[in-house]
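The structure appears right after this line, and notes come after that.
Per chain, numbering begins at 1; letters A, B, ... match sequence-line order.
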Amino acid sequence: MSTPEAPKDFIRTIVAEDLASGKHETVVTRFPPEPNGYLHIGHARAICLNFGIAEEFGGRCHLRLDDTNPAKEEARYVAAIQEDIRWLGYDWGEHLYYASDYFETLYQWAEHLIEHGKAYVDEQDPETIRAQRGTLTEPGVESPYRDRPKEESLDLFRRMRAGEFPDGAMVLRARIDMASPNLNLRDPVIYRILHKPHPHAGDQWCIYPMYDFAHGQSDAIEGITHSLCSLEFENHRPLYDWFLDNLPVPHRPRQIEFARFNLSYTVMSKRKLLRLVEEGRVSGWDDPRMPTLSGLRRRGYTPSSIRSFMAKTGITKTGGTVEVALLEATLRDELNETAPRRMAVLRPLKLTITNWPAGRTVPVEVPNHPGRPELGTREVPFGGSLWIERDDFREEPPKKFFRLAPGREVRLRYAFNVVCDEVVKDASGRVVELKCRYDPESRGGGGRKVKGIIHWVSAEHGVPAEVRLYDHLFRLPDPEAEGDFLEALNPASLETVRAVLEPALAAAGAGERFQFERAGYFWPDPIDHRPEAPVFNRIVALRDSWAKIEKKGG
RNA sequence: UACCCGAUGGUGUAAUUGGCAACACAACAGGUUUUGGUCCUGUCGUUCCAGGUUCGAGUCCUGGUCGGGUAGCCA
């Protein structure tokens, strides 16, 4: 399942070298999400990287829930995380781990540090500890407890575990260097008291290790060779290595950092996504406009398009913003190849053929994919009463508009040419119907060549449906550029229309993706669609060069 | 005026590790087409700056500029 043309990035280069030099016999990576929220497309990069490398080099990739903080984590996220990773196409086999399963070992290692004079219990309150940490330009101040006898620290630490002290009463700190220019090395807190049951470990702990004291050690326990994380952990690497240097770990992993990525027209932080959900700006974590994997899945994105997108954007240490246009182009590329074509009228306008024999219906043979004849054809019923796209008619056509207008001729795709003779309006002046004349000689493309070709659905046979037209959630490339990102929300990110589908679409099965000709790629909404009440989502629109021409001319 | 990291078209990545700056997306111009889709062709760069080494520098050296990260008992 490896993604084609995967670029050889600096991390893969390191892995290849470590394998070639014999430093490692096999590569072991891990994807370590904290179960405190839903996975988004930013996580997909880490997933594709870690699982991708394991796959390409014949190693393995572990799924590890990084659950060291019961105050923020919930068991319900674990299932969602697994579902998202599987959906993306990756499998951790039996290698499902929890950092919390290592708590006992971690605890023993903490005592080991104390016994070697490399950790101490600090009874100062959080404010004092913070004040003593110093600033970016000034060194910190040593805690008065820093040099207390190790026996005393050991006793206190054991009593911390036994639950003798309330939350915040004291912490265990690594004893490193309060003057280090790297703040992470200024005697970091490694254990805190938290009288809170743990979603995975249950109620056996009331002290919990901090990330820094858990991550590298977990890597070591699992035999991880390359521990890949995002750039913001770069400053933590010296600490990561310090623990490995000072603990009797069974293995030596290496941390390598890569740049996180940003996508234009969206936000990625869990906090902001949560706000969208909580304030009801979207329908939930799986709203098709959300950059979450569950949102993209519901929207209709294919996992392969996301993997391929990740391969195209590559892995570097340069922070940047990828244009959503690339994601969309990647999806279109795939769907153009694979999606069967259908006709659907999104904003229906009645077209009546005045010279069509009353009550007559003829089947029109239509290819399922013009570029792939092997996909066969289907019959679409054609009659004298049709729906066409409202946008395909202009009473006063602008320059370069070559669709229908009074007196103009267009081809009804795969069927006949028609000329518009009369425009019918209602009392308010709104166009409600076009009366046209068809050319019996023009069937299937015979007769005059015309510039305009439009799609249609027989009014008698068409199936009404709700169609949800999704657009970017934000109207600015960088929603957080200025002020509140909510002000950048795109008011038109969802438009729901009452459309009419060609009959064949009524039988669409779950998971089937189609191109609605001239409109875009669509699929039945996985939750709301029912055969008797169809609901389709627009996954992505087709490129629309007429819209560009019109925008320029207007 | 701390420490760490980064800088190549509008965007994201390449460049045989010192040898003609390449690919994709976007934009623009044209061609093909029973989807204004697809497909095809073309256009779009002082490789952050200044010096230096070299026959030759995106790549090496020195200095600078700009951008990002870091002061949770979050991860």
Please state whether the base of [N] and the side chain of [X] form at least one donor-acceptor pair under 3.5 Å?
X: A/Glu337; N: B/U38; result: no
X: A/Arg543; N: B/G36; result: no
X: A/Glu232; N: B/G68; result: no

Grab the [atom1]-[atom2] distance between [X] and [N] for me, whole Å please.
X: A/His455; N: B/G37; atom1: NE2; atom2: C1'; result: 12 Å
X: A/Glu234; N: B/C3; atom1: CD; atom2: P; result: 15 Å
X: A/Lys312; N: B/A14; atom1: NZ; atom2: P; result: 16 Å
X: A/Phe258; N: B/G6; atom1: CZ; atom2: P; result: 16 Å
X: A/Asn262; N: B/G68; atom1: CG; atom2: C1'; result: 11 Å
X: A/Phe522; N: B/U35; atom1: CZ; atom2: C1'; result: 13 Å
X: A/Leu542; N: B/U33; atom1: CG; atom2: P; result: 19 Å
X: A/Leu231; N: B/G6; atom1: CG; atom2: P; result: 8 Å

Next on the checklist: Using OP1 and OP2 only, check whether a side-chain N or O of A/Arg518 sits under 4.0 Å from B/G36.
Outcome noted: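 For B/G36, OP1/OP2 do have a side-chain N/O of A/Arg518 under 4.0 Å.
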Checklist entry - OP1 or OP2 of B/A75 sitting under 4.0 Å from any side-chain N/O of A/Thr68? => result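 Answer is yes, contact under 4.0 Å.
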Heavy atoms under 4.0 Å, any strand shown: does [X] hit a base, just sugar-phosphate, or nothing?
X: A/Arg133; result: sugar-phosphate
X: A/Met170; result: nothing
X: A/Pro139; result: nothing
X: A/Phe402; result: base
X: A/Arg130; result: sugar-phosphate
X: A/Glu34; result: sugar-phosphate
X: A/Asn235; result: base
X: A/Gln515; result: base
X: A/Gly319; result: nothing
X: A/Phe233; result: base
X: A/Gln124; result: base
X: A/Phe10; result: nothing

Item to check | Derivation of the side chain to side chain donor-acceptor pair (under 3.5 Å) call for A/Arg518 and A/His455 | outcome: CA-CA 8 Å; A/Arg518 304 209 303 135; A/His455 61 277; 3.2 Å; yes
Closest approach to the side chain of [X], judged atom by atom: which nucleotide of [options] is it?
X: A/Trp546; options: B/C73, B/A2, B/G36; value: B/G36
X: A/Arg341; options: B/G37, B/A75, B/G36; value: B/G37
X: A/Leu326; options: B/C25, B/C3, B/C73; value: B/C25

Item to check | Heavy atoms of other groups near A/Arg161 CZ, more than 12 under 6.0 Å | outcome: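 Yes, CZ of A/Arg161 has more than 12 neighbouring heavy atoms, counting only those of other groups under 6.0 Å.
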Next on the checklist: Is the ring pair A/Phe516/A/Phe536 parallel, tilted or perpendicular, if the boundaries are 30 and 60 degrees?
Outcome noted: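 Rings of A/Phe516 and A/Phe536: tilted, as their planes differ by 30° to 60°.
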Checklist entry - Out of A/His198, A/His62, A/His200, which residue meets the ring pair (Phe, Tyr, Trp, His ring centres under 6.0 Å) rule with A/Tyr98? => result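 The residue from A/His198, A/His62, A/His200 that satisfies ring pair (Phe, Tyr, Trp, His ring centres under 6.0 Å) with A/Tyr98 turns out to be A/His200.
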Item to check | Face-to-face contact A/Tyr211 to B/A75 six-ring, under 5.5 Å, under 30° | outcome: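 Per 5.5 Å and 30° rule: no stacking.
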Checklist entry - B/C44 and B/A29: how far apart are their C1' atoms, nearest whole angstrom? => result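 Each nucleotide's C1' atom is 11 Å from the other's.
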Item to check | Geometric cation-pi criterion, A/Arg394 with A/Phe401: 6.0 Å, 45° | outcome: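 Here A/Arg394 passes the 6.0 Å and 45° test against A/Phe401.
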